[in-house]
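Order of appearance sets the numbers: ligands from 1, and atoms from 1 within every ligand. Both backbone and side-chain heavy atoms feed into the values below; hydrogens, waters and symmetry mates do not.
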Amino acid sequence: MALYSEKVMDHFRNPRNVGEIPDADGIGEVGNARCGDIMKIYLKIKDGVIEDVKFNTFGCGSAIASSSMATEMIKGKPLSQALELTNKAVAEALDGLPAHKMHCSVLAEEAIRAAIKDYYDKNGIEYDKSLFPEPDEDGEIHG
Ligand code: FES
């Protein structure tokens with residue numbers, strides 16, 4: 001079996017929603033201290049719905065494919081639904097990732113969360129703090 005699914009290869013070669021949104025309502029940037037990869041997500045939000053989303057990922061192919069797929073999965077969706085997006089769902093939508101590449105999909109989940117938190121913070125919107133665990137000293141979020 002090939003190491004990477006067709007979908008991973010497709011989203012890696014033709015990533016969707018690449019770029020930045022200059023007047024983004026929320027921006028989330030996360031990194032993985034071990035591999036050094038960085039992902040940045042921009043959200044345009046209107047009436048609690050993600051109208052547009054773009055990403056910039058300086059990372060491996062799986063991180064690029066994960067960000068591309070994750071942005072497709074949250075575009076046009078309410079924030080509540082975007083917050084429920086797990087890295088597992090992203091990996092499943094890509095028809096799987098090799099075990100040692102699962103952390104790449106975690107970056108996508110974390111970057112989206114960070115961007116939504118940024119939007120809440122900037123607009124003084126109350127939120128459940130437990131939804132946004134603080135990263136530990138490795139820069140990684142557990143829990
Ligand atoms: Fe680190 Fe893929 S190897 S994000």
Side-chain angles (χ1 to χ4, degrees), residues 1-46 48-123 125 127-143:
M1 200 189 95
L3 189 55
Y4 293 106
S5 73
E6 281 295 317
K7 274 201 191 154
V8 172
M9 294 310 293
D10 176 34
H11 278 264
F12 167 56
R13 290 201 184 103
N14 309 294
R16 289 33 154 203
N17 309 310
V18 176
E20 12 185 306
I21 300 177
D23 57 343
D25 298 306
I27 300 174
E29 183 172 342
V30 295
N32 180 294
R34 256 166 238 143
C35 64
D37 291 354
I38 294 170
M39 190 181 292
K40 200 162 176 179
I41 296 254
Y42 301 81
L43 298 176
K44 194 81 200 141
I45 297 163
K46 189 157 181 231
V49 173
I50 297 174
E51 279 201 318
D52 198 12
V53 47
K54 294 242 185 293
F55 79 88
N56 264 324
T57 292
F58 303 94
C60 72
S62 298
I64 290 167
S66 294
S67 7
S68 169
M69 179 56 89
T71 54
E72 287 283 275
M73 291 169 88
I74 63 166
K75 204 175 192 171
K77 299 277 160 51
L79 291 176
S80 55
Q81 221 168 306
L83 277 172
E84 282 168 10
L85 184 73
T86 62
N87 78 295
K88 280 206 185 84
V90 174
E92 269 164 31
L94 288 168
D95 289 339
L97 284 170
H100 69 287
K101 287 286 178 180
M102 280 305 280
H103 80 269
C104 316
S105 62
V106 172
L107 276 188
E109 178 188 326
E110 288 178 352
I112 290 169
R113 261 170 203 280
I116 295 174
K117 182 174 182 295
D118 180 49
Y119 165 72
Y120 285 159
D121 286 340
K122 277 183 182 147
N123 290 278
I125 298 170
Y127 55 86
D128 178 357
K129 300 256 184 315
S130 68
L131 286 174
F132 302 97
E134 287 293 321
D136 64 18
E137 62 283 358
D138 298 338
E140 285 178 39
I141 294 174
H142 306 277

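Here the side chain of D25 pairs no donor or acceptor atom with the backbone of Y119 at under 3.5 angstrom.
Look at K88 and E92 and you find no salt bridge, because none of the NZ, NE, NH1 or NH2 atoms lies under 4.0 Å from a carboxylate O. For the pair D10 and R16, the salt-bridge criterion is met [side-chain N within less than 4.0 Å of a carboxylate O].
Within ligand 1, counting atoms from 1 as listed, the ones closer than 4.0 Å to a heavy atom of A63 are 4 (S). The distance from ligand 1 to the heavy atoms of C60 drops below 4.0 Å at these ligand atoms: 2 (Fe), 3 (S), 4 (S). Taking a cut-off of under 4.0 Å to the non-hydrogen atoms of L107, the atoms of ligand 1 that pass are 4 (S).
Contact annotation: for D37 versus ligand 1, heavy atoms closer than 4.0 Å belong to the side chain alone.
Nearest to atom 1 (Fe) of ligand 1 among the protein's heavy atoms is C35 SG, 2.2 Å.
Between C35 and H103, the closest heavy-atom pair is SG-NE2, 3.6 Å.
Side chain to side chain, S5 and D95 fail the donor-acceptor criterion of an N or O pair below 3.5 Å.
The ring of F55 has its center no closer than 6.0 angstrom to the ring center of Y42.
Not one N/O/S atom of H103, from backbone or side chain, sits under 2.8 Å from atom 2 (Fe) of ligand 1. Residue C104: an N/O/S atom is found under 2.8 Å from atom 2 (Fe) of ligand 1.
Residue contacts with ligand 1 leave out N32, since none of its heavy atoms falls under 4.0 Å from the ligand.
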